Amino acid sequence: MKTSNFIRQIIDRDIANNKHNGRVVTRFPPEPNGYLHIGHAKSICLNFGIADDYNGVCNFRFDDTNPSKENIDYVNSIIYDVQWLGYAKDGNILHASDYFDQLYEFAVELIENGKAYVDSLSPDEIREYRGTLTEPGRNSPYRDRSIEENLALFTRMKDGEFPENTHVLRAKIDMSSGNINMRDPVLYRIKHESHPIAGDKWCIYPLYDFAHSLSDAIEGVTHSLCTMEFEDHRPLYDWCVENVSAPSRPEQTEFSRLSLEYTVLSKRWLTKLVEDELVAGWNDPRMPTLSGLRNRGYTNASILDFCERVGITKNFNEVEMSVLENCIREDLDYTAPRLMAVLDPLPVTIENYPEDEVDWLPAQNHPKRPELGNRKVLFSKRIFVERSDFLEDPPRKFFRLAPGAEVRLRYAYLVTCTEVIKDQAGNVMELRCRYDPESRGGFAPDGRKVRGTIHWVSQANAIESEVNLYDRLFTVPNPAGTKDADFAELINPDSLKVVNAMIEPQIESATPGTRYQFERSGYFVLASQNGDNEKPVFHRTVTLRDSWAKRN
RNA sequence: UGGGGUGUAGCCAAGUGGUAAGGCACCGGACUUUGACUCCGGCACUCCCAGGUUCGAAUCCUGGCACCCCAGCCA
């Protein structure tokens, strides 16, 4: 059972009062006009999680009422993502378009009861008649058409006799309402477009408020949970359900949408990132989409955990990225086997190690989980170490390589740097070191303390790989809220850095999707094994915490 | 007097009249062949502000203030 929240408290109360006969039916109603992102995950976890815990059901329903924006690729990606999170595995997928016939009948019913009319104002005129936030609207001159005339017109709309934008069906509510949604909202519009599922059967399509509320009612949804921007739609939601012969009486409750620092979580901005080619696509590992996070190496468990941690309230919130990062680190610390990988290789020659000798040293795949086994790593005269693990003029407490300093090569030997070789420009090209032959495994024979342990790979058998180092997509915490900003200029230029890394040979037999911790560096996922450049490609999911970097 | 909503730590978030949970972040310190992990300790005398009710208020009342959303034939 998940942590409680105000919505679960409402449900507890409803059950105690035997409201809806104690049933709990929720729904997740995405519009297939983009990919799902982590904000959707919050809603998915809420709706499906409640259904699971209350022995209810959560209907997975596409809100496919606008064929001009929706397509089947989006549908497929959404299904995949929901199932990846672990829900809707039964494959029972519903569509608002399944109810177009019933919805049409409800509309006719409204007309027959004098509660809806066909308006023939132009879109511009409708806007003008609607008034403003502070001034009431005016009644349309077509508002008082007779029931017969409305019925005839609506039928002709359905039969395709009119071009788009010439007529709409409107609810007859109150043009002077302070709530603009109640100023005779449009219920149906003409669209001469074929629908991915309904085909060419319709040329009029219902709008959100009408379709959504009544789809809920048709399905017997009890608790319709949505985000807060729909709060002032609730009176209209209720109006629709109350003014037709709806088979049930669902109730809408709103909660705050997720917002995450240094990224954007709105369809509009995400679509723009993709269309402007600021990212490689919806599933670019820098995107907050579920497919992007998956490519980045995030596990479904880490995302579920994250959704649990951020909670459900009506507060405005802006969650720090560190919460998400903590979730994936926690998951991968336990599950990911360790490997050594040098992301920025600096050659090192062990002066006193015999040229033709090799040594296979045992290494643990996971320091806390012996059941994950051991492996042998090759040690030889020539190795690579991380360039950032050497400093010619180190600060105090720099427990790494420096001229004259001794460090432990993990699982191997204690070595001391004896010489620094530079090119003419002064760049460090290579290090010479001497090793202590008595320190095999990294143990000092005389018990002397060696604080530093660094990772390394043998030049003889390391696999060169392409590694994509990802960082936050934007340079500012709230890019969508940055006024007058050119979106492209807010992109973090270092959000992707590609490097050639040298990695232990185990990776050659790994399949894409395999995750590792590269020791002292971070968590990485194998993205492809035989890509265009023939080299394995890794994505960095997240770095390890680095208290040294933080201090300096 | 347009309508709707929200204010608890740097960021999330419990709390529902009985004396401020937890997580993330941060700061110590222990351990360490990953400067990781783990472990211990610290981190709101006060809950947007001001009055009021009460033995007692983050919780109730009154009045302010700040911020967010709404004028698509989008969802």
Side-chain angles (χ1 to χ4, degrees), chain A residues 3-5 9 29-31 33 63 65-66 68-70 119 121-123 126-128 130-137 164-170 176-183 185-191 204-205 207-209 211-212 226 228-235 254 256 261 267-268 308-327 329-330 333-334 338 340 363-364 367-368 397-400 407-412 414 441-444 450-455 477 481 517-522 543-551:
Chain A
T3 314
S4 190
N5 55 53
Q9 288 173 5
E31 184 192 13
N33 67 342
D63 221 332
T65 57
N66 186 356
S68 38
K69 289 191 173 180
E70 300 158 5
D119 197 1
L121 254 21
S122 71
I126 286 182
R127 183 174 358 98
E128 193 190 321
R130 186 154 36 224
T132 69
L133 292 178
T134 52
E135 300 158 22
E164 295 182 9
N165 298 324
T166 55
H167 303 274
V168 290
L169 184 72
R170 289 233 249 171
S176 64
S177 172
N179 182 347
I180 290 180
N181 295 300
M182 299 300 268
R183 318 240 261 231
V186 174
L187 267 21
Y188 266 90
R189 80 290 224 189
I190 298 169
K191 270 184 188 288
I204 56 171
Y205 293 94
L207 276 93
Y208 168 81
D209 292 290
H212 185 259
C226 63
M228 293 216 313
E229 63 271 27
F230 294 105
E231 210 152 18
D232 14 82
H233 290 244
R234 187 170 0 117
E254 310 84 13
S256 299
E261 284 189 343
K267 231 54 134 353
R268 177 168 167 241
E308 184 63 23
R309 290 187 197 219
V310 297
I312 299 289
T313 65
K314 297 180 74 131
N315 300 346
F316 300 106
N317 62 79
E318 176 112 328
V319 178
E320 291 178 348
M321 199 57 95
S322 65
V323 180
L324 217 207
E325 291 177 343
N326 174 71
C327 291
R329 285 194 185 112
E330 215 168 80
D333 175 52
Y334 183 74
R338 270 100 239 238
M340 291 194 284
Q364 296 174 290
K368 296 246 175 90
K397 295 191 173 178
F398 182 78
F399 304 128
R400 306 182 190 183
V407 295
R408 176 184 299 103
L409 295 176
R410 171 142 242 226
Y411 296 127
L414 301 177
F443 304 97
V450 177
R451 273 294 308 263
T453 300
I454 64 173
H455 60 277
Q517 183 198 94
F518 293 164
E519 293 207 18
R520 302 208 311 132
S521 176
T543 63
L544 251 35
R545 281 198 188 83
D546 188 349
S547 57
W548 170 255
K550 211 175 329 190
R551 245 199 306 276

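Here the structure is a predicted model, which means the values were calculated and not measured. Below, read A as the first sequence line, B as the second, and so on, with proteins coming before strands; counting in each chain starts at 1.
The nucleotide whose nearest atom lies closest to any side-chain atom of A:L207 is, among B:C12, B:G35, B:C74, B:C74. Distances from the side chain of A:N315 to the nucleotides B:A13, B:C73, B:C24 place B:A13 closest. In this structure, the nucleotide among B:C73, B:C26, B:G2 sitting nearest to the side chain of A:I180 is B:G2. Here the nucleotide nearest the side chain of A:N66, chosen from B:C73, B:A75, B:C24, is B:A75. You'll find that the side chain of A:P367 is closest to B:U34, out of B:C69, B:U34, B:G15.
Side-chain to base pairing of A:E320 with B:G10: one donor and one acceptor N or O lie within less than 3.5 Å of each other. Between the side chain of A:R400 and the base of B:G35, a donor-acceptor pair under 3.5 Å is found. Between the side chain of A:H455 and the base of B:A36, no donor-acceptor pair of N or O atoms lies under 3.5 Å.
In this structure, A:R338 and A:R234 both approach RNA chain B, and ranking their closest nucleotides by distance from the 5' end singles out A:R234. Toward the 5′ end of RNA chain B lies the nearest nucleotide of A:G311, the other residue of the pair A:G311 and A:I126 mapping further downstream.
Close to B:U32, at under 4.0 Å from its OP1 or OP2, lies no side-chain N or O of A:Q364. For the pair A:K550 and B:C26, the criterion of a side-chain N or O lying under 4.0 Å from OP1 or OP2 is met. A:R130 has a side-chain polar atom (N or O) that falls below the 4.0 Å cut-off from OP1 or OP2 of B:G72. Within the 4.0 Å cut-off from OP1 or OP2 of B:A13, at least one side-chain nitrogen or oxygen of A:T313 is found. Using a 4.0 Å cut-off, some side-chain N or O of A:R520 falls inside it from OP1 or OP2 of B:G35. The shortest distance between the side-chain N/O atoms of A:R183 and the OP1/OP2 oxygens of B:G3 is not below 4.0 Å. Neither OP1 nor OP2 of B:C12 sits under 4.0 Å from any side-chain N or O of A:N317. In this model, the phosphate group of B:U38 is not approached by any side-chain N or O of A:R545 to a distance below 4.0 Å at OP1 or OP2.
Between A:L544 and A:Q517 the shortest heavy-atom distance is CD1-NE2, 3.8 Å.
With a cut-off of 3.5 Å on both pairing distances, B:C43 has no Watson-Crick or G-U wobble partner at all. In this structure B:U6 sits in a base pair with B:A66, meeting the Watson-Crick or G-U test at under 3.5 Å. Nucleotide B:C60 forms a pair with B:G52, judged by Watson-Crick or G-U wobble geometry with both contacts under 3.5 Å.
Contacts of A:Y411 classified as ring pair (Phe, Tyr, Trp, His ring centres under 6.0 Å), with partners at least two apart in sequence or in another chain: none.
Spacing of C1' atoms, B:C31 relative to B:C68, comes out at 47 Å, to the nearest Å. When the P atom is compared between B:G51 and B:C11, the two are found 26 Å apart, to the nearest whole Å. Using P as the reference atom, B:C45 and B:A58 are 13 Å apart when rounded to the nearest Å.
Taking the charged nitrogens against the carboxylate oxygens, A:E31 and A:K69 have no contact shorter than 4.0 Å, which rules out a salt bridge.
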Identify each atom pair where a protein N or O and an N or O of nucleotides 46-48 of chain B are less than 3.5 Å apart, giving names and distance.
none

Original post:
Do A:T453 and A:V407 pass the side chain to side chain contact (heavy atoms under 4.5 Å, CB included) test, and can you show the C-alpha distance, the side-chain angles, and the key distance before you say yes or no?
Top reply: CA-CA 6 Å; A:T453 300; A:V407 295; over 6 Å; no
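A:R329 contributes a side-chain N or O that, together with a main-chain N or O of A:T543, makes up a donor-acceptor pair within less than 3.5 Å.
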